[in-house]
Amino acid sequence: MQFSDVEGDLSEVLLTQEEIHEKIAVMARQIEIDYAGEKVLLVGVLRGAVMVMADLARELTLPIEMDWMAVSSYGAGTQSSGVVRILKDLDTDLEGRKVLIVEDIIDSGLTLSWLLGNLRSRGAESVEICTLLRKPDAAKVEVDVRYVGFDIPNAFVVGYGLDYAEKYRNLRGVAVLAPHVYE
Ligand code: 5GP
């Protein structure tokens with residue numbers, strides 16, 4: 001889906017497909033340097049991270065494995081609280097593994113900070129985070145994010161895996177959702 005297919009629902013285009021792909025290639029080159037000679041376990045957080053995972057995994061020249069988790073974060077309205085429930089757990093044993101969590105976006109960082117602790121407690125040799133997008137709020141909690149694609153403004157964005165009420169995930173780029181859609 002292109003921006004033009006849902007033009008009336010978007011207030012600003014933030015990132016085109018080309019910009020995203022260029023950035024993913026840059027992140028992949030750094031990951032290849034940092035994990036040279038290693039086999040990395042990429043852990044994607046469903047469902048938003050599906051597109052980032054698909055593109056990052058194919059861009060990497062390292063041998064990788066992929067696994068998925070689904071979590072739900074309890075919160076009032078759109079704010080996450082940091083209280084997390086696992087809806088789908090990993091199938092992989094993390095003992096001694098080098099894990100790279102692949103995320104679409106970090107907002108408050110609460111979900112990810114919980115996930116980091118949870119995966120580290122399973123005996124992984126290392127657990128790092130790679131996110132395509134990060135909002136300024138993320139700076140307020142202590143989450144050490146090794147790879148960040150873009151810092152974006154504090155607006156509700158959709159596309160490239162990110163939804164609003166399950167829509168817009170298949171948009172090729174990332175855009176700010178127009179307020180009239182959710183107000
Ligand atoms: P937090 O970092 O606040 O714990 O939560 C991050 C999660 O909130 C993301 O994985 C994503 O599902 C959702 N989220 C945060 N900001 C946005 C946004 O701008 N658009 C969409 N579609 N989801 C968002």
Side-chain angles (χ1 to χ4, degrees), residues 14-15 20 23-24 26-28 30-31 33-35 38-57 60 64-164 166 169 174 176-177:
L14 283 187
L15 300 166
I20 294 170
K23 184 65 81 173
I24 285 181
V26 170
M27 292 201 287
Q30 189 58 51
I31 293 167
I33 292 168
D34 296 348
Y35 292 89
E38 313 272 0
K39 185 166 74 177
V40 190
L41 175 67
L42 301 180
V43 168
V45 185
L46 293 168
R47 301 171 200 157
V50 166
M51 307 296 177
V52 195
M53 179 70 121
D55 284 338
L56 179 67
L60 285 169
I64 57 121
E65 280 179 36
M66 254 184 243
D67 203 348
W68 300 92
M69 267 183 100
V71 296
S72 87
S73 143
Y74 292 112
T78 55
Q79 293 292 314
S80 98
S81 64
V83 181
V84 175
R85 186 163 60 111
I86 296 178
L87 302 176
K88 186 228 167 280
D89 206 348
L90 298 172
D91 297 317
T92 314
D93 181 1
L94 297 190
E95 190 67 45
R97 299 299 305 266
K98 294 204 174 236
V99 176
L100 183 58
I101 301 173
V102 177
E103 259 287 23
D104 45 358
I105 191 165
I106 305 181
D107 189 356
S108 73
L110 287 168
T111 310
L112 216 44
S113 120
W114 178 89
L115 197 58
L116 203 54
N118 180 284
L119 298 191
R120 282 191 171 139
S121 73
R122 303 187 196 193
E125 188 182 321
S126 65
V127 184
E128 300 292 346
I129 300 167
C130 172
T131 185
L132 181 69
L133 309 172
R134 180 173 63 182
K135 288 191 188 175
D137 259 5
K140 292 181 192 162
V141 279
E142 265 312 306
V143 216
D144 188 13
V145 184
R146 183 95 168 253
Y147 310 96
V148 180
F150 301 94
D151 280 308
I152 61 164
N154 209 354
F156 192 82
V157 297
V158 292
Y160 199 71
L162 288 161
D163 75 310
Y164 172 67
E166 293 307 321
R169 287 196 201 274
V174 172
V176 177
L177 190 64

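These figures come from a predicted structure and were not determined experimentally. For this chain, numbers begin at 1 and follow the sequence in order.
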Side chain to side chain contact (heavy atoms under 4.5 Å, CB included) evaluation trace for Asp34 with Arg146: CA-CA 10 Å; Asp34 296 348; Arg146 183 95 168 253; 3.5 Å; yes

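- Tyr35 and Tyr147 have tilted rings, their planes meeting at an angle from 30° to 60° on a 0 to 90° scale.
- When all heavy atoms are compared, the tightest approach of Val43 to Met53 is C-CE, 4.0 Å.
- With sequence neighbours excluded, the residues forming a side chain to side chain contact (heavy atoms under 4.5 Å, CB included) with Lys23 are Phe150, listed by chain and number.
- A salt bridge does not link Arg47 to Asp163: none of the charged nitrogens lies less than 4.0 Å from a carboxylate oxygen.
- Side-chain contact between Val52 and Tyr160: present, with at least one pair of heavy atoms (C-beta onward) separated by less than 4.5 Å.
- Taking every heavy atom of both residues into account, Leu133 and Thr131 meet most closely at O-OG1, 2.9 Å.
- The shortest non-hydrogen separation linking Leu60 to Ala28 is CD2-O, 3.6 Å.
- Met69 CE to Leu90 CG: the interatomic distance, rounded to the nearest 0.5 Å, is 5.0 Å.
- Nearest approach of Ala124 to Val99, heavy atoms of both residues: CB-CG2, 4.0 Å.
- Interatomic distance, Glu142 CD to Leu116 CG, rounded to the nearest 0.5 Å: 11.0 Å.
- The two residues Arg169 and Met51 come nearest to each other via the heavy atoms O-CE, 3.6 Å.
- Heavy atoms only, all atoms of each residue included: Cys130 and Leu56 are closest at SG-CD2, 4.1 Å.
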Determine whether Arg85 and Leu87 satisfy the following criterion, side chain to side chain contact (heavy atoms under 4.5 Å, CB included), listing intermediate values before the conclusion. CA-CA 6 Å; Arg85 186 163 60 111; Leu87 302 176; 3.8 Å; yes

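- The local environment of CD in Glu166 is crowded, with over 12 non-hydrogen atoms from other residues, nucleotides or ligands closer than 6.0 Å.
- Rounding to the nearest 0.5 angstrom, the gap separating the CG atom in Asp67 from the CG atom in Leu41 is 6.0 Å.
- The distance from atom CD1 of Ile105 to atom CG of Leu162, rounded to the nearest 0.5 Å, is 5.5 Å.
- Side-chain atoms of Lys98 do not come within 3.5 Å of backbone N or O of Lys39 as any donor-acceptor pair.
- Annotation: the span from Ile31 atom CD1 to Leu42 atom CG amounts to 7.5 Å, rounded to 0.5 Å.
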Query raised in the report: Can you list the steps and then say if Val84 with Asn118 is a side chain to side chain contact (heavy atoms under 4.5 Å, CB included)?
Result: CA-CA 10 Å; Val84 175; Asn118 180 284; over 6 Å; no

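- In this structure, CG on Asp89 lies 4.0 Å from CZ on Arg122, to the nearest 0.5 angstrom.
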